Amino acid sequence: MLLIPCPHCGPRSHIEFTYAGDATLRRPADDAPLAEWADYVYLRDNPHGPHREYWHHVHGCRAYVTVERDTATHAIVTPGGEAS
Amino acid sequence: MSAEPFRLPSGGAIDRTRTLAFTFDGRSYTGHPGDTLASALLANGVRIVGRSFKYHRPRGVFTAGPEEPNALVRVGEGARAEPNTRATMVELYDGLVAQSQNCWPSLGLDIWALNNLLAPLFPAGFYYKTFMAPARAWPAYERIIRRAAGIGAHVPHADPDRYERRFAHCDVLVVGGGAAGIMAATAAARAGADVMLIDERDTLGGHLRGERGGAEILLPYLRELAADKNVRLLPRTTAFGVYDHGTVALAERVTDHLGAAATPSLPRQRLWMVRAREIVIAAGAIERPLVFAGNDRPTVMLASAVRTYINRFAVLPGRRAVVFTNNSDAACTARDLTAAGVEVAAVVDARAGQAVVATTGRSLRAVAISSIDDAGRPIDASRWIDCDLLAVSGGLTPSVHLHSHTGGKLTWEETIAAFVPGTGAANIRVCGAARGVFPLADSLSDGVRAGGVAAQALGLKPPALDLPACAPEEPWSIRPLWEVKSARNMRGKRFVDLQDDVTADDLELAVRENYRSIEHVKRYTTLGMGTDQGKTANLNGLAIVAQRRAETIATVGTTTFRSPYTPVALGALAGPETGKYFEPIRRTPLHDWHAAQGATFVEAGQWLRPRAYPRPGESFNAAWRREVLSVRGTAGICDVSTLGKIDVQGPDATAFLERVYCNGFARLPVGHGRYGLMLREDGIVLDDGTVTRIGERQYFLTTTTSNAGRALAHLEYLLQAVWPELKVRVASVTDQYGQIALAGPRSRDVLGKVADIAVDSAALSFLGSAVTTIAGARVRLLRVSYSGELAYEIAIPAGHTVAVWEALLVAGQEFGLAPYGAEAMAAMRIEKGHAAGAEINGQTTPADLGLARLVSTKKYFVGRRLLERPAMADAARPTLIGLTPVDGVTPIPAGAQLIADARAKPPVKMLGHVTSATFSPTLGRPIALALLTGGMARIDETLVAASPLDGVSVAARVVHPVFYDPAGERLHD
Amino acid sequence: MYSFPRLVREAFRRHSGWEPTWRSPEPKPRYDVVIVGGGGHGLATAYYLAKEPGIANVAVLEKGALGLGNTGRNTTIVRSNYLLDANAHFYEWSLKLWEGLSQELNFNVMFSQRGVINLAHSDAQRDQYRRRGNAMRLNGIDAVWLNRAELARRVPLLNCSDDARYPIVGGLLQPRGGTARHDAVAWGYARAADARGVDIIQNCEVTGFRIEHGRVRGVDTTRGFIAADKVALAVAGHTGQVAAMAGLRLPIETHVLQAFVSEPLKPMLDTVVTFGAGHFYVSQSDKGELVMGGDLDFYSSYAQRGNLPAVQHAVECGLAMFPSFSRLRMMRSWAGVMDMTMDGSPIISKTPIENLYIDGGWCYGGFKATPGSGWVFAWTIAKDEPHPLNAAFALDRFRRGAVIDEKGAGPDAKAH
C-alpha cells in the first residue's frame, strides 16, 4: 500500500484516497481555441518517472492532495500539499 | 507391524506422552504432537504420498518445509477439506483426515500413469504442435487434457470458517525466526525499537530445530523477546508479499493446526497488513536437489529434510542410506544418519568427481554411482548400491523472494553458486542464509548487524550484543553440479521441476527451439509454475538453460519473483468482507418504518429504498399501480432521503454555481429553487437535481442517488484544483437530512394542516422554498415536482424524519394519503418523460435528452466548450422520444433496440434503443422512453422495438416523451 | 509443420528434429515496414502484412523477449460482446479470426469457446445487459440471456441464492467467447511471420525516431539506426512513452492491472464468468488454475507490480460469486501496465506524422483483439488508410467529439 502524505491528516494509506490524475493540467481560458480545450480534457503527458498528481482524500479530509510520485517505482518524490 | 515402525525410540521435539490418530487414504495411523503430517506418514512407513502432475509418477515426501513439490494432499473433511495442502506444513492434530490426489482409482494403482509410458510423445509444449486437426475435435481433446490436468479436487461447499483482517505498525519487522532473525530482532528490540518477529513454522528457531542440538542456543534470546512488551512474536505466520512503502502482508494460521479442538470464536486465518519502518528479511535458504536420472523416486529426499526428520521428529526416512552431495553439508548428514542408526552405504561427493547416475525401485531400492567429468558426464562403469533412502544436496539457494517483490536486484555469488540480494528498497535489510551467509556463527552475527543497521536507520543506538557460542564448523564449500548427464544404457528421466514434471531434456528442447529467454523457457516448459513456484527447481533449471545457451547464469537472469511467497487462502484475502458483508448496506432514517409496513425494497447505489407497499393479498404490480393512481388522484408521500444533498456556502457561491450548471443561476432569489443540470467538462450530462437558494451566500443542492459521490467530488475538484480563488465551501449533508416528497392534488391540503406557515400558491409558488416546523422539527420546503403533480420536497434533520413522516400521514388520512415507493415514482417519471439513470448514462448531451433549451448561451460553464465539437451536434445522435405500442397493449421490452424492419437479417441497422419502459397506470397502457436517431423528427413513425434475446418484436409508435400533462398545468396550479 | 504424425516421428528420435520456432536474425539496415513491439499485436500485424502481396521486407523490433508484455500477462479472455457498433464489428471480426487461428498459424493456441457470462444483479443492470445482448444479436453476434435457474444449472458453483449481497437476476452469455493460451498466440504469430520472411529482432530497443519534413524515415535503436518507409507502433502499456519520442501526446494514462491464479484443480468451472456488482472475472485454464482478475490499482504506474488491496477487492468479488472458492489459494499473481484511453476504446490509427502508425490504448482488453487488430493494422499500414473496421478508432476522434465510450464513464482514463 502506498503511503500518501496528506497535509491535514498526516501520512495515510492510499486506500483512503481516490487517485485524481495529473495535477499540472491548467484549464484553458473560456474562449481558448477548441483544440486547446480538447487537448486539456483528453491529452496527458503520462510520464514514466516523477509525476505531479492529485489524490483526493475521500475517506478523510476531502482535500485534493498534490503529490509528486515516481510512476516507475511508486516512490513519493515530493510530498506536496493542497491543490494548486 | 508395530505402530510407527520408523519412529526412533527416543529424541526429537515431539510429545510422546500423547498419541494422535489420523487417517491417510482411509487407513488409520498415529503420530504425536509436534509431528507434521509428513513426519507422521514417514514414521508409519508411508513412502508414496502423491502422483506427479504430468506423468503421474509415484512421489514421496521430498522436503520438510514450505518448498515441498511432491507431498500435496487433501486435508480435512466436508466443507473444510482443502486440496493441494503441503503435508510438510500441516501440523498433526487428532482426527486429521488426509487423502491423496491426482490419481485414479487409487494412489497405488493409477490409470493415468499410462502417461508415463507415452512420455516420449509428451515433451515440453507438445500440445502446441498437435490437436489441431480436425479443428472441430479440439473441444473433445481439450476435455481430456483438462481432466488429466489439475492436481487436487475442489470442494463445492461454502467455507464454514471465518477470516480476520488486521492492520499493524511497527518499527522493525523481522521475517524469519531462525538464527539470524532472532538475533536481528534482539538487536533491534534492545535498541528500543518496536519489533515484530514472524515465522511460518509453529515455533521459532528456524533450521536449527532440524539439526542435532536443536535451537537450544537461541532460547535465551527467544525468552528475552517473549518477555519484551515492545516485541510481538507471530509463529505460524507467513510473510507472503512485500508491497510499496514498507507494507508487508502476512498470513497467520490461527486454528488450522487445532482440527476439531479449535475455539469457534477464533478465525481460521488472519491477514495482517503491516506497515514497517524497517524490514529485516531473515528468510533462510532452501536446499537444492540434484538433477540425475531417476531423481524423483520415493525416497529421494533433500539432505536437510533427512536431518530434520531424524533430529526434530525422531523419524527414520529409511534404514540404509546413500548421501549424494556437492557441498560441505554432506558430513553432518552422514553423521546424523549414523547417529540415528541408519547405515550409510555411501557418501557420493561430487566434489570428488562422483555422482549418482541412476536409481531403481518403485520406492527407492538401489542407486547406481559412477565417476563424472567436469560436464557431469559419467566416465566409467557404474556400480549399484542397495539403499532405501537417498539424501541429496545440490547446495543452498538464499530465499530472496521478499527482497525481490518490490524490485530488489540480485547478484550472482560464485562462492555459493547462487543469487544473493543486491540493491533494493532502502528500508529492507537481508541477513543470514537469505543473504548467502551459511555458517551458523556468521549468520548469528549477520543478524545482529542487520538488526543494528535497522535500529540505526530509525535513529536508535544499536546495543552491544554477545553472540552465543556455537560449535566450530568447516567453511562452507560447494562445487556446482547442475546436472548429471545420463549414463549410457541407463535410462531415466532427469527431473528439474518435480511437481510439474519438467526434465532437463525439456529445457534443452526449449532452448533448441529458440525459447531462449528464461521467461520463454518457463512458459514453454512450465518450469517453476507449480504450487511450489519452483522453490527447489528454478536455479537448477536456470543453470541448465545457461549451459545450453553457452552463457553465464548471471546473464540468463531469473524470472521475476512475485507475491505470494507461498499460496494464500482466498478466504484470508477477502477477510470478513464476504456474503452479506461484501459491501455495506445504507438505510434511510425511515427504513424500519417501511419494513414494518411490509414494503418490498430495491437497491440503488448501496441504499435500500422501499419499492412498493403491497397490502395483504395485493400483488406487487397491483400495489405500485395503486400507489401511482393515489398520487395522481389524491396524494402520496415518498421517502427520497437517498438523494445526494450538498451544502454550498460562501461569498462566491452564486458565481460558482453559475459555472457548474449549464443553466442560469445568477438571478435565483433567496427562498427559491431551480432545476439544475450539471455537465462534465466533455459536454456530457453528469447529473441533475434541484438547487435551493437558502441565503445570500448559501445553497442546498440535491443530486441523484447514484451520482451523489461523483457530483460532490466534481465540485470539490473544481473548487480546489481549478478555481481555488473562489471563496466557496461544499459539504455533503446527505446523511444529515431525511427527505420526503409529498405529491398529489391534495398535497397542499396535507401540508397546510401540519405547517406553521401559509403554503397557498401565493405564499409558496412553484419552485418556492420556505422553512417551517412540522412535528417539532424545523424543516425546509421546496415546491418542486418529479411526479408531475402539485408536490413538495421536505428536508428534515435526519433524526426527526420519522416524526415528520408520521405527522404527514396522520394529517393526510382524511385525504387518503398513502406512501408510495420507488416503482411508482419511476413509472410517474416515465409518464412525465423525465430523464433518469438509463438516459443520463454518460453518453448523452442536454440536447440528446431534449433539454437544449436549458443550456445557457450567455455564460461559460463546465462542458460548454467541448459541447461545441462537431460530433456533439451530429444530426444522427439519438435523442429522447416516447414510444407507445401500436396495438396499445403489448409491453415494450426494456433493453430493446429500435429497428425499421422486424424481418431484416443481421447485421441490422439500429436506430436507437429503449431506455425505460413501464405500464402507465394513468393512461392504462404500456409506454416507454427511448433514444432514437432523428428523435422528434420521427414523431408518429412506426418502428420495431426488437428484443431478439427473447424473440420479441413490438411495433411501436414514436410519440412525444411527455405522456402525461405535457403542458405542466398540474404542477403549476 | 506441426502435426500429430510429426510428433510421433520425433518421439522416435528423441525430438531431435524440431527446428527453431523463429530465427534470430541480425537487423538489416532498411525495411519497408518496421513494427515496434514484439507482443501479440506487433507479431500479428507483421504476419498479416507479410501475407499481403508486395510487402516482404518487414521487421519486428522488441526491446526484450517476445510476448512478455501484456500478451503474456492477461487473463486470456476472448469475446465480442460489445454494445457500440464500432466495437462490436471490430471485435466480432477478431473473434472470427480466432476461430480459425490454430489452423491458420499451424500452432495450437488452445482457443477454447467455453462461453463468457456477464452476471447482472439489478433490474437496471439487467436492462443494460439485455440492451447490449440485443444489439449483439442484431449485429449478427451470438448472445443468449440466461435466467437465474439456467445460470445455476450451467455454473453450479455460483451463488444464485437470495442471500447474496447482490442477488443474481440473470446473465448475458456469449457462447462463442472463451479463452486462449496467451503465450501460444505470440509464439504462433512469431513462427508464422518468421516463416513468411519477417525478421523478428529481440533485445532491440527503439530509442528515437528519425522524422524529416513531417515524415518518418526510420528508428534509432540500441542496435543502430534502422531505416524504414513506414513505422508502426504496437507497444501497448508504453504507447505514451514511445510516442513521446516522436513528439506525440496521447489521450492515454498508464495504469497497473493485476491478475492472479489459484493452484491447479480438477475441472470445476467450465466457462468464463464476470461479476456485475464489482469488477471481477474468472475462468479455469486447461492446466486447472483458476485465472482471476479485477480492477486496476487505480493510480498511474509503469511498475508492472501492484499492491494487495486491488487483489483483495477482486477476491471479495470472487467469493461473493463463488463462496466455495474460499479455501482455494492464490498461487501466483502478476501485473501489467495498461494504456488506459480517455474513452475506453483503442487507437488504431494514422498519426499526424506521415507513415507513422499507432496501435495502442487497449485498456483492459487487448488480448482478444490480437488477430483483429493485427489484421486491420496491417491493412492501415499497407494502404495508408484505415479499414472500415478501425476507422472509428482514429486518434482525432477526441477533438471531433466522436468518442467511443462503451460505459459512459467520460474522460477519466482509469474509469473505463
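Order of the sequence lines sets the chain letters (A, B, ...), proteins ahead of strands, with each chain counted from 1. Just so you know, these numbers come straight off a predicted model, no measurement behind them.
A/Tyr64 places no side-chain N or O within donor-acceptor distance of the main-chain N or O of B/Leu718, the cut-off being under 3.5 Å.
Note on A/Ala23, A/Pro11, A/Pro28, A/Ala32: by heavy-atom pairs under 4.5 Å with chain B, the leading option is A/Ala32. Ranked by heavy-atom pairs under 4.5 Å with chain B, the list A/Val58, A/Val41, A/Leu34 is led by A/Leu34. Ranked by heavy-atom pairs under 4.5 Å with chain A, the first of B/Trp723, B/Tyr243, B/Tyr717, B/Phe861 is B/Tyr717. In terms of non-hydrogen atom pairs under 4.5 Å with chain A, the most contact-rich of B/Asp244, B/Leu712, B/Leu719, B/Thr406 is B/Asp244.
Across B/Ala721 and A/Tyr54, no two heavy atoms sit closer than the pair CB-OH, 3.4 Å. For the pair B/Val862 and A/Arg27, the tightest heavy-atom approach, listed with the atom from each and the gap, is CA-NH2, 3.8 Å. Across all their heavy atoms, B/His245 and A/Met1 have their closest contact at CB-O, 3.6 Å.
With sequence neighbours excluded, the residues forming a side-chain contact (heavy atoms from CB on, under 4.5 Å) with B/Leu410 are B/Val400, B/His403, B/Ser404, B/Phe419, B/Thr558, B/Phe561, listed by chain and number.
At a threshold of 4.5 Å between non-hydrogen side-chain atoms, the residues A/Ser13 and B/Arg275 count as touching. Inter-residue side-chain proximity for B/Arg865 and A/Asp30 is flagged as unmet; no heavy-atom pair is nearer than 4.5 Å.
Contact of A/Thr73 with chain B is made through the backbone alone, with heavy-atom distances under 4.5 Å. When heavy atoms are compared at a cutoff of 4.5 Å, B/Ala249 does not approach chain A at all. With a threshold of 4.5 angstrom between heavy atoms, A/His74 approaches chain B through its backbone and through its side chain. For A/Ala75, the part lying near chain B is the backbone, with the side chain staying farther off; criterion is any non-hydrogen pair under 4.5 Å.
Taking CD of B/Glu681 as the reference point, atom OH of A/Tyr40 lies at 5.0 Å (rounded to 0.5 Å). Here the straight-line distance linking atom CD of B/Gln720 with atom CZ of A/Arg62 works out to 9.0 Å at 0.5 Å rounding.
The local environment of OH in B/Tyr860 is crowded, with over 12 non-hydrogen atoms from other residues, nucleotides or ligands closer than 6.0 Å.
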